[in-house]
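Below, chains carry the letters A, B, ... as their sequence lines are ordered, and counting in each starts from 1. Values below: every heavy atom of this structure, side chains too, minus hydrogens, waters and symmetry copies. Computed from a predicted structure; not experimentally measured.
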There are 2 protein chains.
Amino acid sequence: MATPTPHSAPAGGLRERKKQRTHDALIRAALELFTEQGYEATTVDEIAEAVDVSQRTFFRYFANKEDVTFAVQEMVEARFLEELSARPAAEAPLTALRSAVTVAWDDIGSAIESVIPVELYMRTYQMIESTPALVAAHLRRSVELEAQLARLIARRERLDVDADPRPRVLVAAFSGVMRAAGKVWSEGEDWSVSSIRELTMSYLDHIGPAIEGDWRTRSQSQSQSR
Amino acid sequence: MATPTPHSAPAGGLRERKKQRTHDALIRAALELFTEQGYEATTVDEIAEAVDVSQRTFFRYFANKEDVTFAVQEMVEARFLEELSARPAAEAPLTALRSAVTVAWDDIGSAIESVIPVELYMRTYQMIESTPALVAAHLRRSVELEAQLARLIARRERLDVDADPRPRVLVAAFSGVMRAAGKVWSEGEDWSVSSIRELTMSYLDHIGPAIEGDWRTRSQSQSQSR
DNA sequence: GAGGATAATGACAGCCACTGACAGTTGACA
DNA sequence: TGTCAACTGTCAGTGGCTGTCATTATCCTC
């Protein structure tokens, strides 16, 4: 269903291209169905049928129902990691993380547009946050990402991840804050990219001050009422 | 299998006690089987059979296979929350969290001994950390706990969780650090309670300093090589 | 451009987690 | 002791996921 529209000539032979098309079509169909009628209410058979392949074929492309849900997310993460690696060594660790996030959000469109529209990605994100089974999967994936981040940060700072706990500690705090921002965004009403971008940034700004002890001298905090 | 040994007279009538016994027996059987032969390699039928009830009955006690895995964990968390609520208002937020953790670890025995030996709990913890499906579930549960913690902290500090991001940010960072410690412990060789207790404390000590920028002036860090 | 090697797919059977429905059993309590 | 309500077992069925094998489609070589 729907013309695949091969933008620029995709690499590889016919076999390769066909595979890519089925792969992307499965993602599109799955996310469309998930966001419309819910994750659990959608069966793998439905997805397969929408793309006109057998259920068995679906499982040859994706190890399980969860995997197809996070396929796009994975592309975004790859972009983020790439950007982080490219940050100048002079930047402080937290600053580098923050900058990489900024860049990742800024060109999310170009990173995924060949597969799905950004708007569907945003809707998917919201659906994930409101589906317990997917929240769990999302978190597990985050933890795996954290491990990579910690290694990257450690390398930048010429530290040994196993000998010095600081990279892991920083990354854990960073990720926690990112998740908190994502959750608040998903419960809000502004589903735009800029919205989550701004929210993320402001949350990151609190990471330092929030550790200190005397909160009774209320210094800042913008209203985040939902 | 095995005598249930009702220590002190458990409350309620016979029906109540019988239910409690089945409940605990299912947990024991499940954790024993999981830690011996692996989570995925153990079927619900096996667990039910070990306790001599039908599979259907298992699902009347636990919503799913995951739930039985975390039943004990839940008791420990309840203990932790209780302790946090009891901390004096004068303590700084992070200090209160840290103290509550200390206490929780200190009397973990008394909290769970009526159901399983601490040693089995420790083995279960390791199994969870090395089983992807359970890691995911564990994380989702952590997030739910975080929400409660944030509310508690906000109350202590007389803040509105929805208006001021700091409680959530602090708790996110705290939880991230706790998880990092738990993971490192599970990959190590010392399976004792004191071991994870110490590791947790030392990780928490890094939460402040790790945020700062200049890591090249290596100040501390004990060897955590595995 | 025919034909064999190889990769992708479909069809089918089967396992396991989980659920709904209904009937049988057992503890609670008048 | 009899009645009610709670608890349990049995059975049938759904959906995620896997192994196997025959079939189809692309690729590559001559």
Side-chain angles (χ1 to χ4, degrees), chain A residues 1 4 6 9-27 29-31 33-34 37-71 128 131-134 136-137 140, chain B residues 4 6 9-27 29-31 33-34 37-71 128 131-137 140:
Chain A
M1 41 154 48
L14 171 58
R15 184 128 89 196
E16 205 72 16
R17 270 177 287 139
K18 215 166 171 181
K19 233 168 73 173
Q20 186 68 46
R21 244 184 300 147
T22 305
H23 181 260
D24 293 357
L26 281 171
I27 294 176
L31 298 188
L33 287 167
F34 289 165
Q37 54 189 21
Y39 178 74
E40 268 135 32
T42 305
T43 67
V44 172
D45 288 282
E46 281 180 279
I47 302 167
E49 196 179 2
V51 181
D52 202 49
V53 296
S54 70
Q55 190 222 46
R56 195 66 183 83
T57 294
F58 173 93
F59 284 111
R60 287 205 177 92
Y61 280 91
F62 303 97
N64 47 54
K65 204 175 152 187
E66 270 170 29
D67 262 34
V68 71
T69 317
F70 292 98
I128 290 172
T131 308
L134 293 180
R140 197 198 55 216
Chain B
L14 170 58
R15 191 178 260 165
E16 204 73 17
R17 270 177 285 139
K18 214 168 171 180
K19 230 169 74 170
Q20 186 68 46
R21 241 185 302 147
T22 306
H23 181 260
D24 293 357
L26 282 171
I27 294 177
L31 298 188
L33 287 167
F34 289 164
Q37 55 190 18
Y39 177 75
E40 268 134 32
T42 305
T43 67
V44 173
D45 288 281
E46 279 180 281
I47 302 168
E49 195 180 3
V51 181
D52 202 48
V53 296
S54 71
Q55 190 223 45
R56 195 67 184 83
T57 293
F58 173 94
F59 283 112
R60 287 204 177 93
Y61 281 91
F62 304 97
N64 48 53
K65 204 174 153 187
E66 269 170 29
D67 263 34
V68 71
T69 318
F70 293 98
I128 290 171
T131 308
L134 292 180
V135 169
R140 195 199 55 216

Review point. Which distance, rounded to the nearest 0.5 Å, do you find between the OH of B:Y61 and the NZ of B:K19?
Key: 6.5 Å
Practice item. Quick one: label B:Y61 by what it contacts on the DNA or RNA (base, sugar-phosphate, nothing), any heavy atom closer than 4.0 Å. Key: sugar-phosphate
**Study point:** A:R56 side chain, from C-beta outward: closest of D:dG16, C:dC18, D:dT18
**Key:** D:dT18
Point to revise | Integer-rounded Å distance: C:dG27 C1' and B:E16 CD | key: 11 Å
Exercise for review: Would you mind telling me which residue lines up with the more 5' stretch of DNA chain D, B:S54 or B:R15, judged by nearest nucleotide?
Suggested key: B:R15
Review point. Taking CD from B:E66 and C1' from C:dC18, how many angstroms apart are they, rounded to a whole number?
Key: 13 Å
Check your understanding: Quick one: are A:K18 and A:H23 in side-chain contact, heavy atoms under 4.5 Å?
Key -> no
Practice item. Measure from NZ on B:K65 to C1' on D:dC17 and round the result to the nearest Å. Key: 13 Å
Check your understanding: Any side-chain N or O of A:K18 under 4.0 Å from OP1/OP2 of D:dA25?
Key -> no
**Study point:** Nearest-nucleotide pick for B:D45, side chain only, options being D:dG9, C:dA11, C:dA17
**Key:** C:dA17
Point to revise | Gap between atoms CZ and P, on A:F58 and D:dG15 respectively (whole Å) | key: 15 Å
Practice item. Please report, rounded to the nearest Å, how far the C1' atom of C:dA17 is from the OH atom of B:Y39. Key: 9 Å
Check your understanding: Hey, mind stepping through B:E49 and B:Q55 against side-chain hydrogen bond (donor to acceptor under 3.5 Å, both in side chains) and telling me if it holds?
Key -> CA-CA 8 Å; B:E49 195 180 3; B:Q55 190 223 45; over 6 Å; no
Exercise for review: Check whether any side-chain nitrogen or oxygen of B:K19 sits under 4.0 Å from OP1 or OP2 of D:dA6, and answer yes or no.
Suggested key: no
**Study point:** Protein-nucleotide distance (A:D67, atom CG; D:dG16, atom P), rounded to Å
**Key:** 14 Å
Point to revise | Rounded distance (Å) that lies between atom P of C:dC18 and atom CD of B:E46 | key: 15 Å
Revision key, fill the gap. Of A:T57 and B:Q55, the one whose closest nucleotide on DNA chain C sits nearer the 5' end is A:T57
Point to revise | Nearest-nucleotide pick for B:T22, side chain only, options being C:dA17, D:dT8, C:dA11 | key: D:dT8
Point to revise | Under 3.5 Å donor-acceptor, A:K65 side chain and A:T42 backbone | key: yes
Study note, to complete from the structure: Rounded to whole Å, the CZ-P distance (A:R17 to C:dA7) equals 19 Å
Review point. Measuring from B:E46:CD to B:Q37:CD, what's the distance to the nearest 0.5 Å?
Key: 4.5 Å
